[in-house]
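Accompanying notes for the structure given below.
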Amino acid sequence: MSKLDAQIPEGPLAEKWTNHKNQMKLVAPNNRPKIDVIVVGTGLAGASAAASLGEMGYNVKAFCFQDSPRRAHSIAAQGGINAAKNYQNDGDSIYRLFYDTIKGGDYRSREANVYRLAEVSGNIIDQCVAQGVPFAREYGGLLDNRSFGGTQVQRTFYAAGQTGQQLLLGAYSALSRQIGLGRVSMHSRHEMMDLVVIDGKARGIIARNLVSGEIERHSAHAVVIASGGYGNVYFLSTNAMGSNVSAGWKIHKRGAYFANPCFVQIHPTCIPVHGTNQSKLTLMSESLRNSGRIWVPSKKEDAAAIREGQLKPTQIPEEDRDYFLERRYPAFGNLVPRDVASRAAKERCDAGHGIEANDTNEGVYLDFSSEIRSKGKQAAYAKGDHHPSEETILALGKKWIEEKYGNLFAMYEKITDENPYEMPMKIYPAVHYTMGGVWVDYNLQSTIPGCFVSGEANFSDHGANRLGASALMQGLADGYFVLPYTLSNYLAEEIRTGKISTDAPEFEAAEREVKDRIQLFLSINGTRSVDSFHKKLGLIMWNKVGMGRNEAGLKAAIDEIGLLREEFYRDVRVPGEAHEYNPELDKALRVADLLELGQLMAVDALNRNESCGGHFREEYQDKEGETLRNDERFKMVAAWEYRGPDSNKSVLHEEKLDYEFIKIAARNYK
Amino acid sequence: MSIKTILNSSIVKKVWMALTGLFLCTFLVGHLAGNMQLVLKTGEEGRRAFNEYAYFMAHNPFIKVLSYVTYFSIIFHAFQGFYLTYQNKKARPQGYAYSKPAANSSLPSRYMAILGTLVLVFIVTHMANFWWKAKIKEDIPLHAYTVSIPGPMGQMQKQEFYYTHNLQLIPKNDEITVKNKTDLYMKSVNIKVAEGYVDLHTVVMDFFSPKQNEQAMFYVLLYVFSMCALAFHLWHGFASGFQSLGLNHRRYTPLIHSAGKLFAVIVPGMFALITILIYLK
Amino acid sequence: MATKFINITLKIWRQQNSQSKGSLETYTLNKVSTDSSFLEMLDQLNEQLISDQKSPVAFDHDCREGICGMCSLYINGRAHGPATGTTTCQLHMRKFKDGETIYVEPWRSKAFPIVKDLVVDRSAFDRIQQAGGFISINTSGKTMDANAIPVPKQNADKAFEAAACIGCGACVAACKNSSAMLFVGAKVSQYALLPQGKVEAQERALNMVRQMDEEGFGNCTNTGACEVECPKGISIENIARMNREFLLAASKSNK
């Protein structure tokens, strides 16, 4: 327990970060080039950290498994990035952003971290604009904002439906500048295989060159893990195919605690599963819930007829439609937070009202017809036509929709071959983001000294549910504005260390382990592909550690994953060789880690006997099916210590969450 | 970045292609204006107009400078074009087994080098046919002008005169001799008395006339074919030159594209038509 | 729409590594769902190859939602296949007919050497970016308030359109000259259109073009193929803008 000191600075909330910055140790510019830092991952958190540390003068080595740092999955974020700028003069402030984030996270995040996040949010926007990020602007030339779920102000900055792309390219440009100046050396198509710990401190990594298969040793005075989330444990998710937990899991195996693994965000508006060969789920931006109404047929027989293709949704009369979000949450309606919306959709489908003709019938409608009519009418009036015909209304309404969401509608049509202007969109929740991650203290340092974790890979800021447009904010805040200070504070002790040799026995041993592991997979020579195991794991996770969880299911999942893991090591077939470009081998190494993590998620979910945010234990709900928290017992971070592949043996450490500045309450969006 | 690197950059190479290409477009207009004299006016008047034009082109100092710029442009445009094509081929050592470029680009834009080569071959042929004769070979007659004047006996008799650029008529007789192709000298005193017009008009008319030239049919076809190549070259090249110079604007670029296509059809079309008309005459 | 299943023949470029010589290999694949994406179809092929104890086809892919720019493939003679404005990961098998033969080749360019099968090395793009594709400011976040300089909406929108480039390299693959002018033009334009980037716009154009030339890309002949095949619809007016910036810079250069 003693290890879990969050290192939260003393003092009033608003002054903690400033005071802390004033007291932290510094490294003089002339000493920085003598210090090596490794950054794993080049998404928003990694690229911003590598660029900032390079800028400061440290010797940075950055790693990514993609062919270019620009391709990290931050690029796929659509909606926007929050910042407490209050440009819209609608009452926003650092405190409001802080409060909304804590509440949105269902009171399971650390006050001090979240406040710092809100505090530096404004600087992120300043920084990005200076970097040439083309945010959306108003006609006056100033920045535009929009609003997102779970808030009552307009604080989201955006660049069409490609905000993540633009922010990542901004960070990538800063990183590229440092690479060009020789201050960062970039290792693309490299995967971190292990962390090297010497005398209790992180001293380097073992990396694999994915093109040549070469195993490389890289030493450093500190290692930053910014490798993203672990949503791919479900196989089908909105994550990229290559997204994986391995970097985080390797440090977990070397002693870093893994916190709140069961906190997973299921995003309500994704395109439903269509078939067994599907590899990926596609998100439809949360912004669509501003204009779309979510419904299912009230009558089960109508739902069945739709699934069989005998009825079209447009043939269901208004009185036979169940707008279940509006019914259950009249105050927030279709704009309730993500976890609430997702659960409600699942509840309806479980009750037999799902409309998608797939194996599980899981799908609900996101219907724009009301919006098309009302905006069409407004547009006609604005043109002076006070008795518009039906056709005029529909045409003008569709035009309005196209201007606002054209790219999303086109993407939907490309994937489903259905025209969403005519037929309501079919959507269903899908795994999107993981709030859990490696446990870090206020300085973003894990329980291994010298090993820092930032962005989605850590657990720190979003509690049990993340609000829309906050992930981008956290990634950049960590990389640009937190790590440069806290890492320097750590590195100040390292200026006398000198170059770290990669000949140390610890490097030797770690490299041997990695090579043995690779040989192991290549020699199993079983009958089934890596993907087939990954899909099976995904199904167990989705069905038993997904949106609704219960004791029996979780216990079954723990056992099933254990058996699947055994089967994997017995029967997986990894073709090819170690010393070549071998994507199947890459996948096998990643899935092996997911097979351990998945079990830990179930263990964590079983341990957390309450419902909060994205973690819904069916045993803990009120009469109306809302989450029931147990603050007495579970107002804490569950940080797990690794004790072997069987997660039943993992040891739990708890960090109590103290709410000094916020009064805890039940979340209410009704 | 050093001047050398700048000059060797792909963009500057393209700019030179654009500048020389667009300059050659203006040359085409001038050339066409002259050629129009072959068909707009007939008979002696036409001959005079064309020969006057030819004289002007050969003697005006400004035109002289322009002509050197033209020679330079042609050679530079051609060799730079070849070099760029070589570089472009080198940039893709292995091609696609299956490619459908028609889906994304116009045919002329993809065959500029081949079209340009055809045009270059044509230019060489064309210069051998006419420019060589006019400039180097000696045997082009001076523009002769035949008038009928009443003789001493009252009957009309024909007499030939040399027609000169300052509109004098010099009688064609034993006293007058021609030196340096166009200089008329009085034999007895060896003094230059006038300068005449080379009769390029006749050279041209004869060249394309089936009565005078057994190969006229072949040449007309060759010229028409070459003008087609030029047309396709210009179809892409005209607007492309503007793009290379950085002149692209959402409103004006479509206009440039239309203008380029009109230019590509009209100018080579007129050149070709003139040869056909002469042939049919 | 109702799901259908089709049978197809694939002719896929197989090449062990950058040194070896490759060739087109023929595969037949049955029961491909028309709802599958092209990459899911390749997953299915690989699944079949692995169970037949053969070596699976290597191809680049990651986000599978058309934004990371990792997927490539020259499909039936066109970059990213027959659909316009679409990356290969968002190309669906309903665009193909039952019994169709589909050619799948890697991007072909000297500057994009083949790594294996359909995977190519596009690090040339990164090096071009490193030569000048940035604004030279530090990362302190303390430069000035984001709203200190208004940017005309029209310019901001144009900059965004240029910035939408995903760096997939389809422009190079589709260009008969393997020219990278659309990629570089888009980057130069994005920054040149914003006041923050205007300061070093010309130096940037010089440096990025120099690097582009060094990488061995071909020259632009304005065929416009890049613009048509670009999955993000980036306009060649960005190339013209780069030409302008470059010429302005070249005329002022005193080195």
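Side-chain atoms are counted along with the backbone in the values below, which use heavy atoms only and exclude waters and symmetry mates. Lettering follows sequence order; numbering is per chain, from 1.
With respect to E161(C) and K158(C), no salt bridge is recorded, no charged nitrogen being found less than 4.0 Å from a carboxylate O. Ion pairing of E237(C) with R241(C) is present here, as a side-chain N (NZ or NE/NH1/NH2) and a carboxylate O approach within less than 4.0 Å. Ion pair K280(A)/D62(C) not flagged as a salt bridge, since none of the NZ, NE, NH1 or NH2 atoms sits closer than 4.0 Å to an Asp/Glu carboxylate oxygen.
For the set A83(C), P152(C), A156(C), the entry with the most heavy-atom pairs within less than 4.5 Å of chain A is A156(C). Most heavy-atom pairs under 4.5 Å with chain C, from the set E580(A), M411(A), R189(A): that is R189(A). The candidate from R137(A), Q278(A), E138(A) with the greatest count of non-hydrogen atom pairs under 4.5 Å with chain C is R137(A). When each of Q53(C), M144(C), K187(C), Q16(C) is checked for heavy-atom pairs under 4.5 Å with chain A, Q53(C) comes out on top. Counting heavy-atom pairs closer than 4.5 Å to chain C, the top-ranked of the candidates Q162(A), R70(A), Q178(A) is R70(A). The most heavy-atom pairs under 4.5 Å with chain C, out of P134(A), A136(A), G164(A), come from P134(A). Interface check for chain C: of the options Q127(A), R71(A), M241(A), the most heavy-atom pairs under 4.5 Å are formed by R71(A). Interface check for chain C: of the options Q131(A), R573(A), H73(A), H274(A), the most heavy-atom pairs under 4.5 Å are formed by R573(A).
Contacts between M70(C) and chain A at a heavy-atom distance below 4.5 Å involve backbone atoms as well as side-chain atoms. Contacts of Q44(C) with chain A are made by side-chain atoms alone, with heavy-atom separations under 4.5 Å and no backbone atom involved. Heavy atoms closer than 4.5 Å to chain A are found in both the backbone and the side chain of T86(C). Of the two parts of Q190(C), only the side chain, counted from C-beta on, holds a non-hydrogen atom closer than 4.5 Å to a non-hydrogen atom of chain A. At a 4.5 Å heavy-atom cutoff, the contact between Q166(A) and chain C is made by side-chain atoms alone. For a residue to count as touching a neighbouring chain, one of its non-hydrogen atoms must lie under 4.5 Å from one of that chain's; by this rule A162(C) does not touch chain A. If you measure heavy-atom distances from S68(A) to chain C, the contacts under 4.5 Å come from both the backbone and the side chain. If you measure heavy-atom distances from V115(C) to chain A, the contacts under 4.5 Å come from the side chain alone. Residue D60(C) touches chain A through its side chain alone, counting heavy-atom pairs closer than 4.5 Å. Within the 4.5 angstrom heavy-atom criterion, no atom of K95(C) approaches chain A. For F157(A), no part lies near chain C; criterion is any non-hydrogen pair under 4.5 Å. For chain A, the nearby parts of S136(C) are the backbone and the side chain; heavy atoms of each come within less than 4.5 Å. Residue Y480(A) touches chain C through both its backbone and its side chain, counting heavy-atom pairs closer than 4.5 Å. In this structure, the portion of Y191(C) lying under 4.5 Å from any heavy atom of chain A is its side chain and not its backbone. With a threshold of 4.5 angstrom between heavy atoms, V119(C) approaches chain A through side-chain atoms but not through N, CA, C or O. Only the side chain of E55(A) comes within contact range of chain C, judged by heavy atoms closer than 4.5 Å. Neither the backbone nor the side chain of S55(C) comes within contact range of chain A, judged by heavy atoms closer than 4.5 Å. Residue Q165(A) touches chain C through its side chain alone, counting heavy-atom pairs closer than 4.5 Å. If you measure heavy-atom distances from I166(C) to chain A, the contacts under 4.5 Å come from both the backbone and the side chain. In this structure, chain A has no heavy atom under 4.5 Å from any part of A131(C). Only the side chain of Q78(A) comes within contact range of chain C, with at least one heavy atom under 4.5 Å from a heavy atom of that chain.
For K21(A), the NZ atom sits in a packed shell: over 12 heavy atoms of surrounding residues, nucleotides or ligands are nearer than 6.0 Å. Residue E413(A) qualifies as enclosed at atom CD: its count of foreign heavy atoms under 6.0 Å is above 12. For CD of E214(C), the number of neighbouring non-hydrogen atoms (other residues, nucleotides, ligands) closer than 6.0 Å is greater than 12.
Checking S529(A) against E47(C) by side-chain atom types alone, a donor-acceptor pair falls below 3.5 Å. Defined by atom type and a distance below 3.5 Å, a donor-acceptor pair is present between the side-chain atoms of D144(A) and Y158(A). Donor-acceptor pairing under 3.5 Å is recorded for the side chains of S279(A) and R64(C). Judged by distance alone, the side chains of N138(C) and S140(C) do bring a donor and an acceptor atom under 3.5 Å apart. S37(C) and H92(C) form no side-chain donor-acceptor contact under 3.5 Å, judged by distance and modelled atom types alone.
Counting heavy atoms from C-beta on, the side chains of L167(A) and F135(A) come closer than 4.5 Å. The closest side-chain heavy-atom distance from I271(A) to L281(A) is not below 4.5 Å. For the pair I12(C)/L118(C), a side-chain contact is recorded, criterion being any heavy-atom separation below 4.5 Å from C-beta on. Side-chain contact between F38(C) and L42(C) is present, with at least one heavy-atom pair separated by less than 4.5 Å. Side-chain contact between P231(C) and C168(C): present, with at least one pair of heavy atoms (C-beta onward) separated by less than 4.5 Å. Counting only heavy atoms from C-beta outward, the side chains of K54(C) and P575(A) never approach each other to under 4.5 Å. Taking 4.5 Å as the limit, some side-chain heavy atom of I234(C) sits within range of a side-chain heavy atom of L182(C).
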Item to complete: Check step by step if salt bridge (Lys or Arg N to Asp or Glu O under 4.0 Å) holds for K142(C) and D126(A).
Response: CA-CA 7 Å; K142(C) 303 249 162 52; D126(A) 299 343; over 6 Å; no
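Ring-plane geometry between H190(A) and H187(A) is classed as perpendicular, the angle between the planes exceeding 60 degrees on a 0 to 90 degree scale with a lower cut at 30.
Interface with chain A: from residues 192-201 of chain C, residues L194(C), Q196(C) qualify, criterion being any non-hydrogen pair under 4.5 Å.
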